[in-house]
Amino acid sequence: MDISRSEEIFAHARQLVPGGVNSPVRAFSSVGGTPRFIERASGPFLYDVDGNEYVDLICSWGPMLLGHAHSEVIHAVGAAVAHGTSFGAPTEVEAKLAEAIIERTPVDQVRMVNSGTEATMTVIRLARGITGRDLIVKFAGCYHGHVDSLLVAAGSGVATLHGGEPSSPGVTAGTTADTLVVDYNDRAGLEAVFAEHGDRIAAVMAEASPGNMGVVPPSVVDGENFNAFCKRVCHAHGALFISDEVMTGFRVTRSGQFGLDGVEPDLMTFGKVMGGGFPAAAFGGRAEYMAHLSPVGGVYQAGTLAGNPVATTAGLKTLQLADDAVYERVDRAAEIVRGETGRALEEAGVPHVINSNGSMFSVFFTDQPVTDFASAQTTDTKRYAAFFHAMLDAGVHLPPSAFETWFCSSTHHDSVLDRITSALPAAARAAAAVN
Ligand SMILES: *Cc1c(COP(=O)(O)O)cnc(C)c1O
């Protein structure tokens, strides 16, 4: 495919913006080559500035559950824009979106913010405010946005850029000193940390089902899911269990990961799908906990554009349109892509592991089970790069990193999936050719 305009714009953008992008993974650093500059999108397709069409398996990293430019979402957004774009005063649509979230999840109240990062940052402040304790436990490979105190052993973009180094320059030792890191699915590890520091731990924060080191689902041991285990250990020590559902929320089921494992966290974070493609996120929990937040309580949080009327309209319309049929279509599309990818890699003799949790899935180029960050990192990133570029050349846009979740939408119909299926054998052979 000719991508001369993308190349031109990338060269120009790199002079103006670090790496030419506003979020690192978009730069193709780990797969090489030139990112496609996107002009527009429709349903399951992205169109770049050179006029190329791609089947989109990024879906904006999750939000576009209904596909791009869904006519009813666009119509609702257009109507909202015409009424003014920001007031700095409350609107009814914010309450309606809060109600839609509360109705689907085990939270009594929510507060809206602009990004998942803000949601996790604030929920940690809230957990510390509620418990009067300082320490936070996170899991290696879980990404909770670029919050300083959580940028320790964070997955995906960070793994891609720093090869898994524990933090970013600019994050002070003082900040991360209050963050304890345990391997994901490591029950003994979590118990050990609590045995040593239990009375100082405010909260354990986990991705509800990690997707930011690739998909690594919570393990089940003796019938107990890892989230249930975390909650049990937290409560035994007076700590809170925070489930970060920014990625899983309203995607893996109508009620997110909670809809799969039924574990009720003390506090939760949401983002991605609930913004309908706009900057919107939220955190929530039991009313008694949320009462610690200003203006009711003393834990401060605010936002000029928080609960923005256009963003909340897009989010509300998206949640309203996401009915059972939508989830069935997304699940089915994911199942087909997973199955066909596995088959093609099998036929080409490429060692691989495909992990999935509902419609979230990812492909690891490794021959060992992937249950935590260390095993995720055994994936052969050179093979992934070859596979990625062969798919891209055939018009299928995968995430440009080996440590990401692949996402489908309800518009990934059979004819679209056929295009993925026919692109796979050559891509699998390209991966096989890398040693
Ligand atoms: C995407 C993501 C975030 C960060 O959200 P942003 O809107 O990018 O700040 C936090 N937690 C999880 C689990 C995510 O997937």
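Starting from 1, each residue takes its place in the sequence as its number. Note that ligands are numbered from 1 as they come in the structure, with each ligand's atoms numbered from 1 the same way. None of these values were measured; they are calculated from a predicted model.
Residues that satisfy the salt bridge (charged side-chain N to carboxylate O under 4.0 Å, His left out) test with Arg254, not counting sequence neighbours, are Glu103. By the salt bridge (charged side-chain N to carboxylate O under 4.0 Å, His left out) test, Glu340 is found to be paired with Arg343, residues two or more places apart in sequence or in another chain being considered.
At a threshold of 4.0 Å, the pair Glu264-Lys231 does not count as salt-bridged, since none of the basic side-chain nitrogens sits closer than that to a carboxylate oxygen.
Within the model, atoms OG1 of Thr131 and CG of Leu240 stand 6.0 Å from one another, a figure rounded to the nearest 0.5 Å. To the nearest 0.5 Å, the span separating OG on Ser209 from CG on Asn355 amounts to 9.0 Å.
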List below, pair by pair, the N or O atoms of ligand 1 and of the protein that are less than 3.5 Å apart, including the distance to 0.1 Å; reply 'none' if no pair qualifies.
residue, atom, partner, partner atom, Å
ligand 1, 5 (O), Gly116, N, 3.4
ligand 1, 7 (O), Gly116, N, 2.8
ligand 1, 9 (O), Gly116, N, 3.4
ligand 1, 9 (O), Thr117, N, 2.8
ligand 1, 9 (O), Thr117, OG1, 2.6
ligand 1, 11 (N), Tyr143, O, 3.4
ligand 1, 11 (N), Asp244, OD1, 3.4
ligand 1, 11 (N), Asp244, OD2, 2.7
ligand 1, 15 (O), Asn212, ND2, 3.0
ligand 1, 15 (O), Lys272, NZ, 2.6

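Sorted by first then second residue, the side chain to side chain donor-acceptor pair (under 3.5 Å) pairs that include residues 10-21, not counting sequence neighbours, number zero.
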